[in-house]
Amino acid sequence: MSFDRVWTNANLATMRDDALGLVEDGAIAAKDGRIAWVGPRAALPAHSAPVTDCRGAWILPGLIDCHTHMVFGGNRSGEFEARLAGASYEEIARSGGGILSTMRATRAASEEALVAAALPRLDALLREGVTTVEIKSGYGLELGAELKQLRAARALEGERAVGIVTSLLAAHAVPPEYAGRPGEYARHVAEEILPRAASEGLADAVDAFCETIAFTAEETTLVFEAAKRCGLPVKLHADQLTDGGGAALAARFGALSADHMERSNAAGIAAMAATGTVAVLLPGATLTLRETHFPDIAAMRATGCRMAVSTDMNPGSSPALSLLLMLNLACTLFRLTVPEALLGVTRHAAAALGLKDRGMLAEGLRCDLAFYAVERPAELCYWLGGNPCTGRVVAGEAA
């Protein structure tokens, strides 16, 4: 058979079933950036392609961080200190800090400065075997700055070997120009910002923050209906601080995902399972905010609602630079099993982004690979700190 490159002497976690689809002493072959063959090494067809000896490493599909706010100006270490002194996330937000603090720094930064600031954050993920990253806007909160964030996110794909997926999150908070008028701002997002981001091809999806400190279900609906008119799928920050029916709202719009879900009720989770909406779990925010109310994992299991795991990398509630650490936290805090956690950063993370061409090791899919010097996949969830990743392949090329 004709291959461009072959990897042998490896153990594979293909993610093709809920037991991780393990293949010991396996091999993978790539052709034109896609997986052309995968299976036991003994069954590898005859070929003349260059071969890489993986020396017994485990190969997983390249990891996917499906919820980040990676592009932003400044940082909020001062607010971290304020929380240590007793201030709550909501108190900081209502006093003009939080998202609005980052908004001011992001508006002031140039597109080039935003790219430069984001690169070290991106590199931290890539070193761990991440090959696809979702990046949201939401710190501009006005047309020019929102588009600037999205352009900066797109630019990162030209700086590193990585797939970037963008989400317009202009409905993240009410900017000072619309103080006390969240409905008017939601209409501005729906009628001005969203159509412009769509027409310029800067957004792959539309997100919103449906919460007491952000936007109501009605205001979120306004934004989602505009996204539908523009042909863009939707995602939702749902039920993080209160059970506001976010899970059910996400399901009603057939959202790709509902994220956070610390307080989502069982009926909303069942509705998500029925529509295929993925629950994106964000344990970094749980840890940082010292949250004691966890997502209803039992309801997700009972209904078959798929679960993804992500860093929620952001300057306030989850300044997390390690997806591997999130695997441990998802298992330790939320009691996910190892297969649930690993599926959550591969196959189910791809589903949360609407990506059907990655997240598994299967013929015809994009050849994104991550190599790990571990004895068994559970080690990726076990260690607190450290990085066993020994290499990445993106679209069939070593990265």
Side-chain angles (χ1 to χ4, degrees), residues 65-76 98-119 121-122 132-157 163-178 182 185-186 188-211 214-215 219-220 222-224 226-227 230 232-237 255-257 259-260 280 282 310-318 352-354:
D65 197 353
C66 64
H67 179 130
T68 85
H69 306 253
M70 181 182 294
V71 173
F72 57 85
N75 69 65
R76 305 211 305 257
I99 294 168
L100 295 184
S101 171
T102 301
M103 176 206 75
R104 293 188 288 272
T106 302
R107 286 183 177 182
S110 67
E111 182 180 326
E112 294 74 19
L114 291 174
V115 171
L119 279 171
R121 303 165 195 149
L122 177 60
T132 300
V133 179
E134 185 261 12
I135 302 176
K136 305 177 190 298
S137 66
Y139 293 129
L141 306 182
E142 58 92 15
L143 177 61
E146 285 290 306
L147 299 183
K148 176 176 66 176
Q149 270 194 279
L150 293 172
R151 286 194 301 268
R154 288 274 197 243
L156 292 171
E157 198 166 35
I164 298 293
V165 177
T166 58
S167 297
L168 175 71
L169 182 56
H172 196 194
V174 180
E177 296 88 346
Y178 286 85
Y185 178 65
H188 175 60
V189 172
E191 296 173 3
E192 303 292 337
I193 300 178
L194 197 161
R196 180 74 173 274
S199 69
E200 295 191 15
L202 292 174
D204 298 311
V206 173
D207 202 342
F209 189 15
C210 184
E211 192 50 80
F215 298 94
E219 291 157 354
T220 302
L222 190 68
V223 174
F224 280 6
C230 290
L232 291 175
V234 299
K235 305 167 69 66
L236 185 65
H237 284 59
L256 293 173
S257 70
D259 305 32
H260 281 292
V280 177
L282 305 172
S310 188
T311 61
D312 190 21
M313 182 192 294
N314 74 74
S317 61
S318 187
L353 299 179

First locate atom [atom1] of [X], then atom [atom2] of [Y], and finally report the distance between them rounded to the nearest 0.5 Å.
X: Glu177; Y: Glu142; atom1: CD; atom2: CD; result: 7.0 Å
X: Thr132; Y: Ile164; atom1: OG1; atom2: CD1; result: 8.0 Å
X: Ser317; Y: Leu282; atom1: OG; atom2: CG; result: 8.5 Å

Close side-chain approach of [X] to [Y], heavy-atom, < 4.5 Å:
X: His69; Y: Leu169; result: yes
X: Tyr178; Y: Leu141; result: no
X: Leu156; Y: Val71; result: yes
X: Thr166; Y: Leu202; result: no
X: Val280; Y: Cys66; result: yes
X: Met103; Y: Pro175; result: yes

Return a table of donor-acceptor pairs under 3.5 angstrom between the side chains of residues 188-195 and protein atoms on other chains or two or more places apart.
none

Item to check | Donor-acceptor pair, side chain of Glu146 and main chain of Gly140, under 3.5 angstrom | outcome: yes

Next on the checklist: If we ignore hydrogens and angles and just use 3.5 Å, is the side chain of Ser318 paired with the main-chain N or O of Thr311 as donor and acceptor?
Outcome noted: yes

Closest approach of [X] and [Y], non-hydrogen atoms and distance?
X: Gly73; Y: Leu114; value: N-CD2, 3.7 Å
X: Thr220; Y: Cys210; value: OG1-CB, 3.6 Å
X: Phe72; Y: Pro315; value: CE1-CB, 3.6 Å
X: His172; Y: Phe215; value: N-CE1, 3.6 Å
X: Phe224; Y: Val234; value: CD1-CG1, 3.7 Å
X: Leu168; Y: Ala197; value: CD2-CB, 4.1 Å

Item to check | With Arg196 via salt bridge (Lys or Arg N to Asp or Glu O under 4.0 Å) - residues at least two apart | outcome: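 Partners of Arg196 under the salt bridge (Lys or Arg N to Asp or Glu O under 4.0 Å) test: Glu200.
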
Item to check | For Asp207, salt bridge (Lys or Arg N to Asp or Glu O under 4.0 Å) partners two or more places apart | outcome: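 Scan of Asp207 (salt bridge (Lys or Arg N to Asp or Glu O under 4.0 Å), adjacent residues dropped) gives Lys136.
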
Item to check | Test salt bridge (charged side-chain N to carboxylate O under 4.0 Å, His left out) applied to Asp204 and Arg154, step by step | outcome: CA-CA 11 Å; Asp204 298 311; Arg154 288 274 197 243; 3.0 Å; yes

Checklist entry - Under the side-chain contact (heavy atoms from CB on, under 4.5 Å) criterion, do Lys235 and Leu353 qualify, and how do the steps go? => result CA-CA 9 Å; Lys235 305 167 69 66; Leu353 299 179; 3.9 Å; yes

Next on the checklist: When you compare the side chains of His67 and Asp312, does any donor N or O come within less than 3.5 Å of an acceptor on the partner?
Outcome noted: yes

